[in-house]
Amino acid sequence: MRKFRETIIEKTILLNGFACILFVVLIFVFLAKDGLALFKTFAIQDFLFGQMWSPLAEPPQFGILPLFLGSVIVTLGATVIAVPLGMACAIFIGEIAPRWMREILKAGVELLAAIPSIVIGFIGMTMLGPVVKQIFHLPTGLTALTGSIALAFMAVPTIVSIMEDAISSVPRIYKEGSLALGATHWQTIYRVIIPAASSGIVAAVMLGIGRVIGETMAVMMLTGNASVMPQTILAPVRTMTATIAAEMGETVRGSEHYFALFALGLVLFLITFLINLVADAALHRKRK
Amino acid sequence: MNKIETKNLSLFYGTFQALIDVNLSVEEKMITALIGPSGCGKSTLLRTLNRMNDLIDGVRITGEVLIDGENIYGKETDLVLLRKKVGMVFQRPNPFPLSIFDNVAYGPRTHGSKNKAELEDIVEKALKHVELWEVLKDKLDHFALNLSLEQQQRLCIARLVAVTPDIVLMDEPCSALDPVATQRIEELMFELKKNYTIVIVTHNMQQAARVSQRTGFMLLGKLVEYGETRQVFTTPREKKTEEYITGRYG
């Protein structure tokens with residue numbers, strides 16, 4: 001009887017484990033089925049390299065290059081802001097702050113992660129947009145830069161918590177060895193601790209990027225949503241995620257436009273999948 | 001003048017007193033061993049000599065530690081210079097997760113040598129000193145953590161030699177090694193004795209008897225007996241020492 005119960009419990013846990021994988025596979029299959037349907041009527045090179053996204057034109061244009069570049073520019077901007085900020089924060093929490101402050105800071109960073117993206121978008125729209133507009137003398141404050149800054153704050157918690165983990169788990173004996181050789185605390189941090197934690201640091205950056213590239217609500221509110229080829233970071237852009245969110249409600253199910261949005265989702269899925277793969281590889285890197 | 005002298009040295013971890021009025025004199029270019037059962041304070045004492053205990057929260061120290069006549073707990077002590085002068089080898093070999101070359105060049109680099117030829121020279125000399133040069137000279141760019149434990153510990157000693165210390169502190173340097181490797185590290189210690197003053201902490205009494213000229217026996221934070229190794233092991237003055245070295249407890 002006891003053995004029977006054990007078996008049931010084991011099998012249930014196993015089933016739950018497989019369920020996660022099953023969901024990912026199902027989502028991918030569903031996305032691929034409807035996404036790839038676009039290419040029956042629309043050439044794939046026009047989709048990937050077309051410079052015009054205009055579903056209502058006659059004939060409709062589904063070139064994702066402006067949207068792709070919009071995503072890239074916002075993500076790059078956010079990364080450039082978030083990585084140094086997050087890294088400095090992680091080093092401070094992991095290495096420099098006294099214990100009582102460490103707990104407060106960690107809780108604060110976690111709280112930052114808990115802010116809903118709509119709130120970030122809302123604050124960005126009312127506070128950040130006007131500032132960007134004024135500083136750079138722009139016609140509108142809703143630009144790629146505005147989105148980048150807001151997204152940076154959404155990426156920072158991910159980056160800090162993973163990096164801090166990596167830094168704190170560097171064996172104590174490395175630190176002692178370095179200090180015992182007469183290195184200063186700062187020399188120890190940048191010559192031993194950061195190289196020793198490098199795989200975790202790379203993973204943190206990649207997951208931060210993954211967080212940013214998939215974000216929708218805040219970018220939709222802050223980037224101006226102009227689906228044109230972006231010229232500078234100070235111009236309004238439109239990202240892939242914002243496009244899907246904005247247009248999905250207006251399409252007819254089964255239409256070319258509908259399939260195009262699925263294809264866009266598929267591209268997004270592949271990008272985040274790739275980023276996660278790189279992060280994972282970095283975490284499990286074997287040294288020669 | 002003695003190389004190292006502690007005067008009424010006491011150390012507290014919070015309210016727990018780990019060292020009680022320790023008066024120890026270490027002579028130059030000799031190997032001094034500290035023995036005693038686990039938790040007797042021998043590692044703590046060793047770590048006061050290069051102020052590694054500073055890293056622990058809530059440590060309080062009273063008394064003096066004189067190195068070459070200067071109190072290292074004085075206000076003017078420069079920790080960088082102190083640790084450059086008083087190097088340390090740890091219980092578990094702890095080469096940095098860098099290449100072999102970068103490990104040995106670590107100290108000189110942190111102390112300002114940037115010249116590549118100069119660094120190459122220092123690395124070669126240091127590795128020759130610990131008899132690793134012949135084995136590793138073509139593998140200097142290899143990852144240091146892939147070496148055997150004995151080679152790792154030798155590398156750690158080479159890393160230390162490269163900053164030309166005066167005093168080498170060894171905290172159970174062979175406890176992670178097999179008997180053959182232990183013997184070879186001990187031979188290396190005899191070599192090092194020519195140029196350095198060595199203080200070694202060991203739980204292995206035979207090792208203390210083999211390698212050291214002076215031995216201190218510690219118990220519950222006190223330095224119970226200190227003297228010539230031969231005397232301590234053959235005709236100990238204190239009953240506690242005798243009981244420990246004959247294996248009555250410990």
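A note on names: the letters A, B, ... follow the listed sequences, proteins ahead of strands, and every chain is numbered from 1.
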(message) Please identify, among B/T110, B/V80, B/L169, the residue contributing the most non-hydrogen atom pairs under 4.5 Å to chain A.
(response) B/T110
(message) Quick check on the interface: out of B/M88, B/Q91, B/M52, B/K84, who has the most heavy-atom pairs with chain A under 4.5 Å?
(response) B/M52
(message) Can you tell whether the side chains of A/E176 and B/R92 come within less than 4.0 Å, N to carboxylate O?
(response) no
(request) Give the intermediate values and the outcome of side-chain contact (heavy atoms from CB on, under 4.5 Å) for residues A/V192 and B/F96. (result) CA-CA 7 Å; A/V192 174; B/F96 303 130; 3.8 Å; yes
(message) I'd like to know whether NZ of B/K85 has more than 12 heavy-atom contacts from other residues, nucleotides or ligands below 6.0 angstrom.
(response) yes
(request) Check whether more than 12 heavy atoms from other residues, nucleotides or ligands sit under 6.0 Å from atom OH of B/Y196, and answer yes or no. (result) yes
(request) Please identify each residue that fulfils side chain to side chain contact (heavy atoms under 4.5 Å, CB included) with A/L277, with sequence neighbours left out. (result) A/F273
Contact origin within [X] toward chain A - heavy atom pairs under 4.5 Å:
{"X": "B/D57", "result": "side chain"}
{"X": "B/R51", "result": "neither"}
{"X": "B/P95", "result": "backbone"}
{"X": "B/V86", "result": "backbone"}
{"X": "B/L81", "result": "neither"}

(request) Give the minimum heavy-atom separation between B/F90 and A/A180, together with the two atoms involved. (result) CZ-CB, 3.9 Å
Once you round to the nearest 0.5 Å, how far does [atom1] of [X] lie from [atom2] of [Y]?
{"X": "B/H111", "Y": "A/L181", "atom1": "NE2", "atom2": "CG", "answer": "6.5 Å"}
{"X": "B/Y106", "Y": "A/T188", "atom1": "OH", "atom2": "OG1", "answer": "4.5 Å"}
{"X": "A/R191", "Y": "B/R109", "atom1": "CZ", "atom2": "CZ", "answer": "7.0 Å"}
{"X": "B/L79", "Y": "A/H185", "atom1": "CG", "atom2": "NE2", "answer": "12.5 Å"}

(request) With sequence neighbours excluded, tell me which residues meet salt bridge (Lys or Arg N to Asp or Glu O under 4.0 Å) with B/K193. (result) none
(request) Could you tell me whether the side chain of B/N94 and the main chain of A/Y174 form a donor-acceptor pair under 3.5 Å? (result) no
